[in-house]
Amino acid sequence: MDTMRDRFAPVVSRLLDEDPRVAVVLAEIGRDGFREAERRHPDRVINVGIREQLLIGTAAGLALTGLRPVVHTFASFLVERPFEQVKLDLGHQDTGAVLVSAAASFDWPAGGFTHMAPGDVALLDTLDGWTVHVPGHPDEAETLLHHAIAAGDDKVYVRLSVQSNRQGRVIDGQHFVTAREGRSGVVVAVGPVLDAVLAATEGMDVTVLYATTVRPFDAAGLRRATETAGTDVVLVEPYLAGTSTAAVSEALSDVPHRVLGLGVGRRELRRYGTIEEHVAAHGLDAASLRERIGRFVGAGLLPAGR
């Protein structure tokens, strides 16, 4: 199966042909995927070299001229390294862009901590007005890229990963999708952790909501789920643990509730190993999730035969 990033360049290259507003800004990384598009549209495919602050500044300048810039590099170089430019050039100037990242939290362990960004969504949460998409499958990535680029002049972050669920789901770029219904708690699975969450909660009497758009947070969807499943909520996010707990608490602020945030821990793992070893070390494998979710919701096992 191809990866989310494999879909990125072909999708955006087609949009460059179809929409004269679309521009692409790169900082070397990912340039090979746009060689043909660069030949066809040399004025709208711009490579700034290894200059991440300039990457964001250039995108903001293009947006001020009326273009819709799509900006791409690894998450750590797209959100963390040029954060001041994201805050000022895009945020303070109220200009729109589509930031599309690769490498996620630890997709390339051999690259070391410089190429890991478990805190990217939490960092964007300090700014106003960002839409954040976290697809869990290449088909969903393609859908969300179209949504993001078509979103007027909005500020949008699309977080791509090599980690993927086995199948894509029908999503609309706004709402959570109900993957399973139960009565003893709600588990919100974000993007590529859905398969592990479904395996972990097999036989548990819990509702599983699937989230591929986390900002804005689908507060109404969560509230509807808690009406039948109760207000014990577990968040399983493929980035920094607890990133969305405040959003859950705000959605349920008028009712008693409990929230457990699971995700990537703050402790830096200095033996980089493999993706699977990182998943297990952070407790995001199905067995670890089953133990932690079951303990929080009191197991909530379905009766035999149900």
Separation between [atom1] of [X] and [atom2] of [Y], rounded to the nearest 0.5 Å:
{"X": "L160", "Y": "T3", "atom1": "CG", "atom2": "OG1", "answer": "8.0 Å"}
{"X": "T245", "Y": "L235", "atom1": "OG1", "atom2": "CG", "answer": "7.0 Å"}
{"X": "L67", "Y": "T95", "atom1": "CG", "atom2": "OG1", "answer": "12.0 Å"}

Min side-chain heavy-atom separation [X]-[Y] under 4.5 Å:
{"X": "L55", "Y": "F77", "answer": "no"}
{"X": "R169", "Y": "E140", "answer": "yes"}
{"X": "Y239", "Y": "V190", "answer": "yes"}
{"X": "T131", "Y": "P216", "answer": "yes"}
{"X": "F217", "Y": "V248", "answer": "yes"}
{"X": "K155", "Y": "L99", "answer": "no"}
{"X": "F83", "Y": "L127", "answer": "yes"}
{"X": "D218", "Y": "T213", "answer": "no"}

Please indicate whether L88 has more than 12 foreign heavy atoms, meaning atoms of other residues, nucleotides or ligands, lying under 6.0 Å from its CG.
yes
Taking atom CG as the centre, does D128 end up with more than 12 heavy-atom neighbours from other residues, nucleotides or ligands that are less than 6.0 angstrom away?
no
Given the rule in the salt bridge (charged side-chain N to carboxylate O under 4.0 Å, His left out) test, do R180 and E202 qualify, once you have shown the distances and angles that lead to the verdict?
CA-CA 10 Å; R180 178 178 292 156; E202 183 67 37; 3.3 Å; yes
How about F113 and F106: are their ring centroids closer than 6.0 Å?
no
Show the nearest heavy-atom pair for residues [X] and [Y], with the distance to one decimal.
{"X": "L240", "Y": "G119", "answer": "CB-CA, 4.4 Å"}
{"X": "V98", "Y": "A148", "answer": "CG2-O, 3.6 Å"}
{"X": "A241", "Y": "G263", "answer": "CB-N, 3.4 Å"}
{"X": "P238", "Y": "S105", "answer": "O-OG, 2.7 Å"}
{"X": "A200", "Y": "A286", "answer": "CB-O, 3.4 Å"}
{"X": "G230", "Y": "V186", "answer": "O-CG2, 3.9 Å"}

Hey, is the main chain of [Y] close enough, under 3.5 Å, to the side chain of [X] for a donor-acceptor pair?
{"X": "R7", "Y": "D2", "value": "no"}
{"X": "T274", "Y": "E277", "value": "yes"}
{"X": "D154", "Y": "V156", "value": "no"}
{"X": "T126", "Y": "A122", "value": "no"}

Where do R31 and E38 land on the salt bridge (charged side-chain N to carboxylate O under 4.0 Å, His left out) test, with the steps shown first?
CA-CA 9 Å; R31 189 181 184 188; E38 188 176 12; 3.0 Å; yes
Where at least one partner belongs to residues 59-74, residue pairs that pass side-chain hydrogen bond (donor to acceptor under 3.5 Å, both in side chains), sequence neighbours excluded:
R5-H72
Once salt bridge (Lys or Arg N to Asp or Glu O under 4.0 Å) is applied, what residue pairs with a partner in [range] remain, sequence neighbours excluded?
{"range": "residues 99-127", "result": "D120-R159, D125-R215"}
{"range": "residues 225-247", "result": "D232-R258"}
{"range": "residues 10-25", "result": "R14-E142, D17-R40, R21-D153"}

Going by atom types only, do N47 and E28 share a side-chain donor-acceptor pair under 3.5 Å?
yes
Check side-chain contact (heavy atoms from CB on, under 4.5 Å) between A281 and all other residues, then give those that pass, not counting sequence neighbours.
L269
Can you list everything that forms a side-chain contact (heavy atoms from CB on, under 4.5 Å) with P82? Sequence neighbours excluded, please.
E52, Q53, I56, Q85
With side chain to side chain contact (heavy atoms under 4.5 Å, CB included) as the criterion, how do M204 and S184 come out once you've worked through the C-alpha distance, each side chain's angles and the decisive distance to 0.1 Å?
CA-CA 8 Å; M204 287 189 190; S184 298; over 6 Å; no
Would you check, one step at a time, whether the test side chain to side chain contact (heavy atoms under 4.5 Å, CB included) holds for W130 with V86?
CA-CA 11 Å; W130 280 87; V86 173; 3.7 Å; yes
Please assess Y210 against V197 for the test side chain to side chain contact (heavy atoms under 4.5 Å, CB included), listing each intermediate value before the final yes or no.
CA-CA 10 Å; Y210 180 43; V197 168; over 6 Å; no
Decide yes or no on side chain to side chain contact (heavy atoms under 4.5 Å, CB included) for F8 and V158, but give the supporting numbers first.
CA-CA 10 Å; F8 167 60; V158 184; over 6 Å; no
